[in-house]
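See below for the structure under consideration.
Remember, predicted model here, so these are calculated numbers, not experimental data. For ligands, and for the atoms within them, numbers begin at 1 and follow the listed sequence.
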Amino acid sequence: MSRSLKILIACGGTGGHLFPGIAVAEALLARGHEVLLLISEKKVDSEASAKYKHLTFKTMPAVAKPPTLSLRMLPFLWKMWGSVRHCRKVIRGFKADAVLGMGGFTSLPPVYAGHKMGLKTFIHDSNARPGRANVLTSRFCTRVFLGLEPAKSFFPNRETVTTGTPVRPEIIHLPSLEEAAATFGLEVGRPTIVVTGGSQGAKRLNELCAQAAASLPPQTQVLHIAGALDFQRVTEITQGREGYKVLGFCDQMPSAYAVADLVIARSGASSLTEISIAGHPSILVPFPYAADDHQTRNAEVFANAGASILVQERDLDAEKLAGLATSILQDLPTYKRMAKAAHALAVPDAADRVCAAIEATLTSS
Ligand SMILES: CC(=O)N[C@H]1[C@@H](OP(=O)(O)OP(=O)(O)OC[C@H]2O[C@@H](n3ccc(=O)[nH]c3=O)[C@H](O)[C@@H]2O)O[C@H](CO)[C@@H](O)[C@@H]1O
């Protein structure tokens, strides 16, 4: 496509929106377009975006989930309206040709503003069970992009394209095992479990993994990404344990995937997508309070394909978790079968698929 486009991407609030937004931004730049990324004022956004110096970020005031029908709706609607006005100014200033929301309530004001200004608008939903915010936002969208096929039935009257969930280029080209192990002070040649609870950590999963460590096969080493808020506590629980490395927020996820043999994780869509691209078997413990239990729906896609073991937190204790991990690590045929199934779910060119769909929509108008 010859014309250079200006695309505004709204991707704030959590790593699960931010990183797919960054992935699309990188792909759009590589295709000769211009991009402005709208993120929230949350710490997770400022920390995670800090190393992408070549991208342009702007913050917008956070838009919380709406309260249930009550008088408290009024301040919410007032804030939302203020946010729409702010987004109109940003869109005008940037002279955007289109707006893409990567999900959540932070996507609603920019997409709505873009729609009202007559622009092409898009939303990407990465979960098997889409969020209410995205279903609402989709009413103002030209096309809806999906990470996982089961989400399609939730957008019956919209034009959908299953693109997969975009991941950052550095996740597609992982560093070597030696380089990655050196990054974390781990040893090459030992079975390695990586624990990750999503961009903001996972308290109960952290506890279970830290306690399970004592029952893992000898030689196993663990890289435990505990999240910034739980770093101290997990460090204390695992103090003195050989081969157990705890991190707060990890800004080296490619190295974490490169060093992993097995991943124990929540089932946020970006984590799952990255695990599939790295081709690792996984034990998935969905966040029990995720909206509409969407993390269980995500994990089911992986468990049904044979890539993961899905276990609910209420059914899990440290002994059981250690037993599951041991059974995968010590049974080579099972290990290989799960790794192959994970790989088969990967869509490494999802970012390009999103770009191609945006370009096609804008050139056909
Ligand atoms: C609790 C919750 O409701 N989480 C949701 C949130 O994503 P949430 O951010 O919790 O989780 P995801 O698994 O989707 O994404 C995590 C992202 O953060 C990165 N990462 C993680 C930890 C770390 O230390 N460093 C780091 O860079 C991962 O590589 C990944 O890219 O939005 C997703 C997309 O709608 C949903 O699927 C998740 O269910």
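Listed for the Asp45 side chain is no donor-acceptor partner under 3.5 Å among the backbone atoms of Gly12.
With a 4.0 Å heavy-atom cut-off, ligand 1 is reached by no atom of Arg266. Contact annotation for Ala269 and ligand 1: heavy atoms of both the backbone and the side chain come within less than 4.0 Å of the ligand. At a heavy-atom distance under 4.0 Å, atoms from both the backbone and the side chain of Phe249 approach ligand 1.
Interatomic distance, CD of Glu170 versus CD of Glu274, reported as 9.0 Å (0.5 Å rounding). How far CD1 of Ile277 is from OG1 of Thr273: 6.5 Å, rounded to the nearest 0.5 Å.
Residue Ile225 has no nitrogen or oxygen atom sitting less than 3.5 Å from a nitrogen or oxygen atom of ligand 1, judged on distance alone. Looking at ligand 1, you'll find an N or O of Glu274 within less than 3.5 Å of one of its N or O atoms. Polar contact check, Ser271 against ligand 1: a nitrogen or oxygen pair lies under 3.5 Å apart. Any N or O atom pair closer than 3.5 Å counts here, and Thr196 shares no such pair with ligand 1.
A cation-pi arrangement is absent between Arg143 and Phe122, since the terminal nitrogen or guanidinium carbon is not both under 6.0 Å from the aromatic centre and inside a 45° cone about the axis.
The nearest pair of heavy atoms linking Ser255 to Pro175 is OG-CG, 3.7 Å.
Against a heavy-atom cut-off of under 4.0 Å, Asn127 is close to the following atoms of ligand 1: 34 (C), 35 (O), 36 (C), 37 (O).
Taking the six-membered ring for Trp, His115 and Phe140 have ring centres closer than 6.0 Å.
Distances from atom 5 (C) of ligand 1 to the heavy atoms of Met253, Arg168, His294, Arg297 show the closest one on His294.
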